Amino acid sequence: MPIDVLMPKLADTLVEGTLASWLKAAGDAVQAGEPIAEIETDKVTTELTAPIAGTLTKLLVDTGETVPIGTPLARIRSQSEQEPSTEDRPVAGSGHEDFTHIPDIQEKQGIAPALPARRASPLATRVAQAHGIDLSTINAPGSRITRADVDLHLAQGSQPLQTPHASMRQTEQIDGTIKEAASVPASGLRLSSTSSAPAQWDVLPLKGLRRATAMRMASVRQIPAGCAIVEADVTVLDEFYRKERDAWLAREGFPLTYTPFFLYSLAQSLRYWPVVRQALRNGQRETRDGIHVGIAVALDDGLIVPVIRSADQLDLPGLISAQADLVVRARAHRLQPEDVTGGIATLTNVGSMGGLLALPMLNENQAVMLGVGAVTRRTVGTSDGILYRSCAYLSLTFDRRLLDDLQAEQIQRLQQQVARAYERVPFYRQAFEESSVHPRDIQTLDDIERLPFTVKDDFRTTYPYRLFAVPLKDVVRLHASSGTTGKPVVGGYTRADMAMWGEVMARTFAAGGVTADDVFQNFYGYGLFTGGLGAHIGAEVIGATVIPMSGGLTRRQVMMMEDLGATVIAGTPSYTLVVAEVATEEGIDLRSRMNVRVGFFGAEPWTEGMRREIEERFGLEAFDIYGLTEVIGPGVAAECPQHQGLHVNEDHFYPEVIDPETGKRLPDGEVGELIFTCLTREALPLLRYRTRDRVALVHEDCPCGRTSVRMQHIRGRTDDMLIVRGVNVFPTQIEQVLLSHAGLTSNYQILIDRQRDALDELEVHVEADEMLHHKGTDTIGALQAAVTEDLGQALGLHAHVLIVEPRHLPRSEGKVKRVVDRRQLFG
Ligand code: ADP
Ligand code: ZN
């Protein structure tokens, strides 16, 4: 009875193998255990042996073809048989792992095979289908399209190959025998191994390890990778190496190299960074536990990456012998499948061949690969002057789908900041000790949750300077918040803090299209308030022409805006409407007389209704900007042209949202209290500051292309929230209702009263516009009733509405005071 020899399963994770070459031809007699073919996976090459003695009647797959595990490769008729039988029995080749029969993969998965004009392996068909590729467009050197051909097609994008497949089949005289160069893959590596190749060119089939290496390189090229390069000072290591190497060689019989030292560092780092122990498989992230580290070994015929198991458990001598053993066996082609699987990161040392810098390509299923360049002596500028040091370039290639520069930068900055706060601010050292946390506990961004919060009251108890991490001689600026209740919050800025502030404010204005051609009129208040000088510095960084008007002197404000040709304005939204109002009083139509194109407004909560009003009156595009004195002032977050939330400058201010009751972090989209940790502030290394602003975060990509996290518009702060008869009310909720009625303005005030032993009374005073004002009391009375009804619906609470005449309520030059709470009078 003839039997089928199947593609063996060479390792656990393996799903397919490639027939590298046939060692026997159809019709040859074979002995049991005699090699009949070479099988290769992307890791190793092994021999396929005949399971029984007999005659090789048929070869079922072509050289170079990659087929799933269990695919019949050849048919052998046993010696005892005379005639072939139809009842075939499959037998796994090579004896590596036992299995009897594997149903056709297509059949099992219910995939209807496409009916291409040319034959294609089931795997190739499946991969092509998954990528929506028409099989007829794939160039393949063999008679059948293989998985490798599809991979190459994918790696090459839609670039057409120079030659049609038919012309690629050619015969070449190699080693005195005629072989068909059918396994030359259609890759860039082939150069032009086509019929047009000049006769004197050597054209050899790409096979074995070289072919596997080529295939893998082509397939990993599809991974979006980044590469970060640093120059490491390795003088101490180099001195040790130079001192020991001769004695080592004499004693051990093989040379000492730098590699094990770098391996040691890599293995130890991997232990501390779960984030780089990840892999992306089937669209999911896996975090691996065993620190199995691969080392790239260049052989004459390709690249192989044997793996040192649990490398973090080995000391240096242990790593040296593990590495030596693997390299020796790799060179001798004696690696076992398990020697080359399971790695979670890889090291490649191009320095051993004199290379200064490697730009490694990622290994499949690994998030990082470390390249080590040659250790050379260089002159380096240090704080002790120019020194002669041993240095090496270290390059880390990383999978951008799993890791990005921002995360890496954030965690590095967080660690530095936490260490600084701990070392230099006694307040923080004590807080750390009280919550039993140490800077070394902060190893991932999630560890931030272990840090204690900072609250507004901490500014009071440390007033004025005891939260600073630098001496006053390094502080070049002070600002303070209004401090209406008790001591103000004092913020200090070093020169570097000022530069950072300028940068984040410049980003803010650049998002609204401000350039050096703009004339920027700033009506945020100058002085201790951060708004004025904060906006000022950003506009100057951009190079706009700044008019430092500050708030107030509103008539002059309007005159300057017109005379100096302001194209950009910035201020609190409430004062901006005061400016508009004064202009109207002067009979000036802002839209036709001014050039203002864009405006930046913030420092207080405002609604879409106010935005519309500002945009209409000035004929500009309004951007919401957010910040607070404790963190830096304006520049913490700002809108982009999509106006779908404010992008947080999270490379400097790391945001979280917590449930204010439990202190637990809330997921994206859930409204809670906004927390900031300053990652780069020198003077004030504020950690987990509770802003009392209520908001939700959104990590989804923004259509504008910025990738930074967004926060929603602030609905109000916890301190602005009024509790009236047990109902929570934000002033912005009231504003929203008022501005939905024609005739009402955004000048309103909320009064809360309580008569002795009675319930709270909520009263809303709102100014009528001129038109409504002239309509008479009947219209106004009816509108009052309608708004009272709407407010009742929106708040679930009765509020008495009073429409007052224009310009009746107080105006503000900065932040407006909306609420007058008279309940305190009765304790
Ligand atoms: P103070 O606490 O005395 O008002 P700040 O100027 O530091 O002094 O105020 C910061 C606060 O202003 C923020 O915490 C937030 O409540 C509010 N704020 C700032 N910008 C905005 C904005 N764009 N939208 C809503 N509220 C804002
Ligand atoms: Zn955006």
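Order of listing sets the numbers, starting from 1, for every ligand and every atom in it. It should be emphasised that the depicted structure is a prediction, and the values quoted were computed from it without experimental measurement.
Between Arg611 and Asp624, none of the side-chain N atoms (NZ, or NE/NH1/NH2) sits under 4.0 Å from a carboxylate O, so this pair counts as no salt bridge. The existence of a salt bridge linking Arg597 and Asp518 is confirmed by a sub-4.0 Å separation between a basic side-chain nitrogen and an acidic carboxylate oxygen. Using a 4.0 Å cut-off between charged nitrogen and carboxylate oxygen, Glu581 and Arg811 count as a salt-bridge pair.
Shown in contact with Ile625 at under 4.0 Å from a heavy atom are these atoms of ligand 1, numbered in order with element: 20 (N), 21 (C), 22 (C), 23 (N). Counting atoms of ligand 1 from 1 in the listed order, those under 4.0 Å from a heavy atom of Gly602 are 23 (N). When each atom of ligand 1 is checked for a heavy atom of Thr629 under 4.0 Å away, the hits are 5 (P), 6 (O), 7 (O), 8 (O). With ligand atoms numbered from 1 in the order given, ligand 1 contributes 6 (O) to contacts under 4.0 Å with heavy atoms of Phe529. Close contacts between ligand 1 and Lys456 involve ligand atoms 2 (O) [criterion: under 4.0 Å to a heavy atom]. Of all the atoms in ligand 1, the ones that sit under 4.0 Å from a non-hydrogen atom of Asp624 are 22 (C), 23 (N).
A cation-pi geometry, defined here as NZ or CZ lying under 6.0 Å from the six-membered ring centre and within 45° of its normal, holds between Arg681 and Tyr493.
Of the options Arg694, Glu639, Arg717, Glu604, the smallest heavy-atom separation from atom 1 (P) of ligand 1 is shown by Arg717.
Look at Arg692 and you'll find every heavy atom at least 4.0 Å from all atoms of ligand 1.
In terms of modelled atom types and a separation under 3.5 Å, the side chain of Gln521 and the main chain of Ala566 share no donor-acceptor contact.
For an aromatic pair to be called close, the ring centres must be under 6.0 Å apart, and Phe459 with Tyr689 satisfies this. Note: Phe623 and Phe600 meet the aromatic proximity criterion, with ring centroids under 6.0 Å apart.
Taking distance alone, with nitrogen or oxygen atoms compared against 3.5 Å, Ala603 approaches ligand 1 more closely than that limit. Taking only nitrogen or oxygen atoms, main chain and side chain alike, Thr691 does not reach within less than 3.5 Å of ligand 1.
For the residue pair Asp668/His699, the side-chain donor-acceptor check at 3.5 Å is satisfied.
Expressed to the nearest 10°, the angle at the Zn ion (ligand 2) joining SG in Cys702 with SG in Cys640 is 120°.
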